Amino acid sequence: MKRWLLLALTALGLAMAQTQVRISGWGGPDTAVVSGLLKEVVQRQLDRENIRVVYEPIEGDYTQWLFNALSAGTAPDLFYVDIFWAESLFATGRVAPLDAYFSREEVQAFLPNLVQAFTYRGRLYGIPKDFNTLALIYNKDLFDEAQVPYPHQQDTWDSLEGKLRQVQTRLKDVAGLCLVADFARFGAFAFATGWKPFDAQGHTVLDQNFRRAFEWYTGLVRRGAARFAQDLGEGWTGGCFGGEKAAVAIEGAWIAGFLRDKAPNLRYGTTFLPLDPMTKRRGNFVFTVSWSLNAASKNKEAAARVLKALTSPQAQQWVLERGLAIPSRKALAQNPYFQRPTKEAELNRVVFLGSTAQGGNVYPFSFRGLGGDWMRPINEALAAVITGQKSVDQALREAQAALDRLTGRR
């Protein structure tokens, strides 16, 4: 009886000494990933420090939930922050800077583009857990059938367009590229020209570089190298590609899971986005999510320990080997996984390198807290020109006027 009581008291004492850290992120497919990561890697590391992680995945509108929870004082200690709305959240003061918890050497272990994406007014507010960039994915069978060489990393806009036009001409029921009216895809080509979304005053100017990319991209349908996604009954280029309605898709590594489920036998290859024939550079986006710390957390020290475990080399290796996401640590660029002779490993390698110098002019998918409001005029201009409703001159004039009102240029 005494022994049982002693064991019970010991267990109670350990439980009382244990610090509980709540973490949250999206639900859906992420739930299995984070649960597996916690069970197989993270919690084992934290057991020695008497830290217990409680994971609370959120289904539905995660962004709205997080903003509400932070306002109500019920938010968890750690949570996902998407780069798309990071700045507007950091500006509220409800996210704690991480500079006091991470040394310079620890921060420098992560890809600099990603670190910069979560740096606001000189302070670090998030550690990137993983990321994506855009890549060009092509259907080998369709290119073989059309007897057209595969796309490759030396292709320019012009040489790639020539290949797309040949495929579309020779395979009547297949588009070269499935085009979408979305800055999340078109923007990479505008960046290749050297154009930047904001000038030093915070204004957006749709200059001649932007116009050159806009004219090339929207003209692909008219010149017989692409078809509009909606005309193919699809809302994204991956849907066209998986259904073999298009020979090429411009997507990130997220397409791998979709193709694994919908088209497991599809033979595809991956290469970099084409080069601007004038600047000889390419452009790209970084899509990324951080783990960030609640400024109102009562367990900041323990939460920072959890954050380090969630983004440790062991954790990122675990995620990478399962083909789930692209790691954010620089050292993993040389990981043997990327050299495996599989279509998914090649896709992940190209996406990883898309964030480096090989990606060219790379910008985070973030627009100074303006988010979708900033993209809307450009997306409307893209759709209007692709569908023939407006000329390039009219569409860009109206988009510029809307952006001027939004950014206070005039």
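Bear in mind the structure is a predicted one, so any value in this text is a computation, not a measurement.
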Could you tell me whether D77 and K300 have a side-chain N and a carboxylate O separated by less than 4.0 Å? no
Can you classify the ring geometry of F191 versus W195 as parallel (below 30°), tilted (30 to 60°) or perpendicular (above 60°)? parallel
Within the structure provided, determine whether L111 and F131 are in side-chain contact (heavy-atom separation under 4.5 Å). yes
Are F287 and W254, when compared by the centres of their aromatic rings, separated by less than 6.0 Å? yes
Given ring pair (Phe, Tyr, Trp, His ring centres under 6.0 Å), test W291 with F79 step by step and report yes or no. CA-CA 6 Å; W291 283 108; F79 41 77; 8.8 Å; no
Quick one: are K280 and L275 in side-chain contact, heavy atoms under 4.5 Å? no
Test of ring centre spacing under 6.0 Å for F367 and F365: yes
Nearest-0.5 Å distance, CD of residue Q314 to CZ of residue R44: 12.0 Å
Non-hydrogen side-chain atoms of V306 and I51 separated by less than 4.5 Å: yes
State, yes or no, whether a side-chain contact exists between V350 and F272 at a heavy-atom distance under 4.5 Å. yes
Are F186 and W216, when compared by the centres of their aromatic rings, separated by less than 6.0 Å? no
dist S292:OG -> F90:CZ (nearest 0.5 Å) comes out at 4.5 Å
So that I know where these two stand, are F189 and F210 an aromatic pair - ring centroids less than 6.0 Å apart? no
F198 versus W374: any side-chain heavy-atom pair under 4.5 Å? yes
is_close_aromatic(Y138, Y150), centroid dist under 6.0 Å: yes
Note, W318 side chain near L320 side chain (heavy atom, < 4.5 Å): no
For R185, does the CZ atom sit with more than 12 other heavy atoms under 6.0 Å from it, leaving out its own atoms? yes
Looking at F143, is K163 sitting on its ring face, NZ or CZ under 6.0 Å from the six-membered ring centre and within 45 degrees of the normal? no
Is there a salt bridge (charged side-chain N to carboxylate O under 4.0 Å, His left out) between E215 and R211 once you walk through the steps? CA-CA 6 Å; E215 288 182 325; R211 183 188 181 99; 3.2 Å; yes
Name the orientation class of the two ring planes belonging to W236 and F258 (parallel below 30°, tilted from 30 to 60°, perpendicular beyond 60°). perpendicular
Within a 6.0 Å radius of atom CD on Q154, are there more than 12 heavy atoms belonging to other residues, nucleotides or ligands? yes
